[in-house]
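So the structure is just underneath, and the comments pick up after that.
Counting convention: from 1, in listed order, for ligands and their atoms alike.
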Amino acid sequence: MRRGILTIAAVGLLATSGLAACGEESGGEGGTEAKPKIGVILPDSASSDRWETADRKYLEAAFQAAGVDSIIQNAQNDKAQFQTIADQMMTQGVTVLMIVNLDSGTGKAVLDKAKTQGVLTIDYDRLTLGGSAEYYVSFDNEAVGRLQGEGLVKCLTDKGAQKPVVAELNGSETDNNATLFKNGYDSVLKPKYDSGEYVKGPDQWVPGWDNTQAGTIFEQMMTQQNGKIDGVLAANDGLGNAVISILKKNKLNGKVPVTGQDATLQGLQNILAGDQCMTVYKAIKQEADAAAELAIALAKGEKKEAPTTVKDPEGNRDVPAVLLEPKAIYKENVKDVVADGFISKDELCTGAFAAACTEAGVS
Ligand code: BGC
């Protein structure tokens, strides 16, 4: 049987520090006891490609490599379904539950119920405010937002924009990450609005990060502004693509810089085409590996010390956390995402993008 703790140098998880609440699997060689079982609930498959194409794949691989049983399900943006899945997983005997909440309220209900059943929990990517997870594993999400804000500034500067009107399309208001992203980019943009260097345009949340609604919202913004929008802070690649579709209808794509996040295939292709200014690459393999390492330890009755903590302002507690570093991606360094193995050259550099790939040095 393959056992042992995965080590993640980049994350620097600290040494094992004794046993936690959960009963330890004796796990003797050739033993017949049930293997530890970990449940993961992903949020949806439409707000970003990442959940199904990256997170699921990397989490599965990490559990498999450790020889630990796991169940990974997707709530498809349905809060009732989210709770049902959690209940089913607990009936199926998971001892550790990892969630990406759809909002803090329903997330908290799931975490608290798990606790009463002795199931240990991890907040994966999104912090559940007022929640009770043992750990939070994510990226430095304010840093993500700062990279987006700085990215938009760089692209507007490159275009020589004067007093540009900036529109903001934020993520879901019920996703704590969306708030952190906004704090990050507003920390860059607000001083420019205040000084008059930039003009603050429309600023809206997109419910559930819904890409279709984002298109409708952006079209209304354009109407309201008589087409005078010079730059768009879109909080992820899906929202960015919705904006780009509307800009295309108005023959403004490539003229109005748009940001993104997640380094999705579509986002990277939009960058290669010159329609998107930048994206933020989050190495999801590192995130999945770090979360899996903690989950596996919990499932085996061990408790690892996390490298840092984050404050949960609602629950007023310091949650042990792993926060990874995001990276800004422009046309010049799209190749880094390919080199990191997140996206393959074959997927990215199809027909229409082959020449741009060569130009951008993607190999
Ligand atoms: C994640 C982003 C993702 C968004 C929509 C956020 O919580 O951090 O990576 O694009 O949700 O799914």
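Checked against Ser45 for a side-chain hydrogen bond (donor to acceptor under 3.5 Å, both in side chains), the options Glu52, Gln76, Arg56 give a single hit: Gln76.
No side-chain donor-acceptor contact under 3.5 Å links Asp55 to the backbone of Ile284. The backbone N or O of Glu332 sits less than 3.5 Å from a side-chain atom of Lys335, completing a donor-acceptor pair. The backbone N or O of Ile122 sits nowhere less than 3.5 Å from a side-chain atom of Glu134 that would complete a donor-acceptor pair. Asp175 places no side-chain N or O within 3.5 Å of a backbone atom of Gly171 that could act as its donor or acceptor partner.
Shown in contact with Ser48 at under 4.0 Å from a heavy atom are these atoms of ligand 1, numbered in order with element: 10 (O), 12 (O). Atoms of ligand 1 found under 4.0 Å from any heavy atom of Phe181, numbered from 1 in the order shown, are 8 (O). The distance from ligand 1 to the heavy atoms of Arg50 drops below 4.0 Å at these ligand atoms: 1 (C), 2 (C), 8 (O), 9 (O). Less than 4.0 angstrom separates some heavy atom of Lys282 from each of these atoms of ligand 1: 1 (C), 2 (C), 8 (O), 9 (O).
For atom 3 (C) of ligand 1, the candidate residues are Leu42, Ile284, Asp262; the nearest heavy-atom contact is made by Asp262.
Under 4.0 angstrom from ligand 1, there are no non-hydrogen atoms of Tyr124. No part of Val100 comes within 4.0 Å of ligand 1, judged by heavy-atom distances. Counting heavy atoms under 4.0 Å from ligand 1, residue Trp51 touches it through the side chain alone.
The protein heavy-atom contact nearest to atom 5 (C) of ligand 1 is Ser47 OG, 3.3 Å. The protein heavy-atom contact nearest to atom 1 (C) of ligand 1 is Asp125 OD2, 3.2 Å. Atom 11 (O) of ligand 1 has its closest protein heavy atom at Arg126 NH2, 2.9 Å. Considering only non-hydrogen protein atoms, atom 6 (C) of ligand 1 sits nearest to Asp175 OD2, 3.3 Å.
Nearest heavy-atom pair across Glu314 and Gly130 is CB-N, 3.7 Å.
By the 4.5 Å heavy-atom criterion applied to side chains, Glu287 and Arg50 are counted as neighbours.
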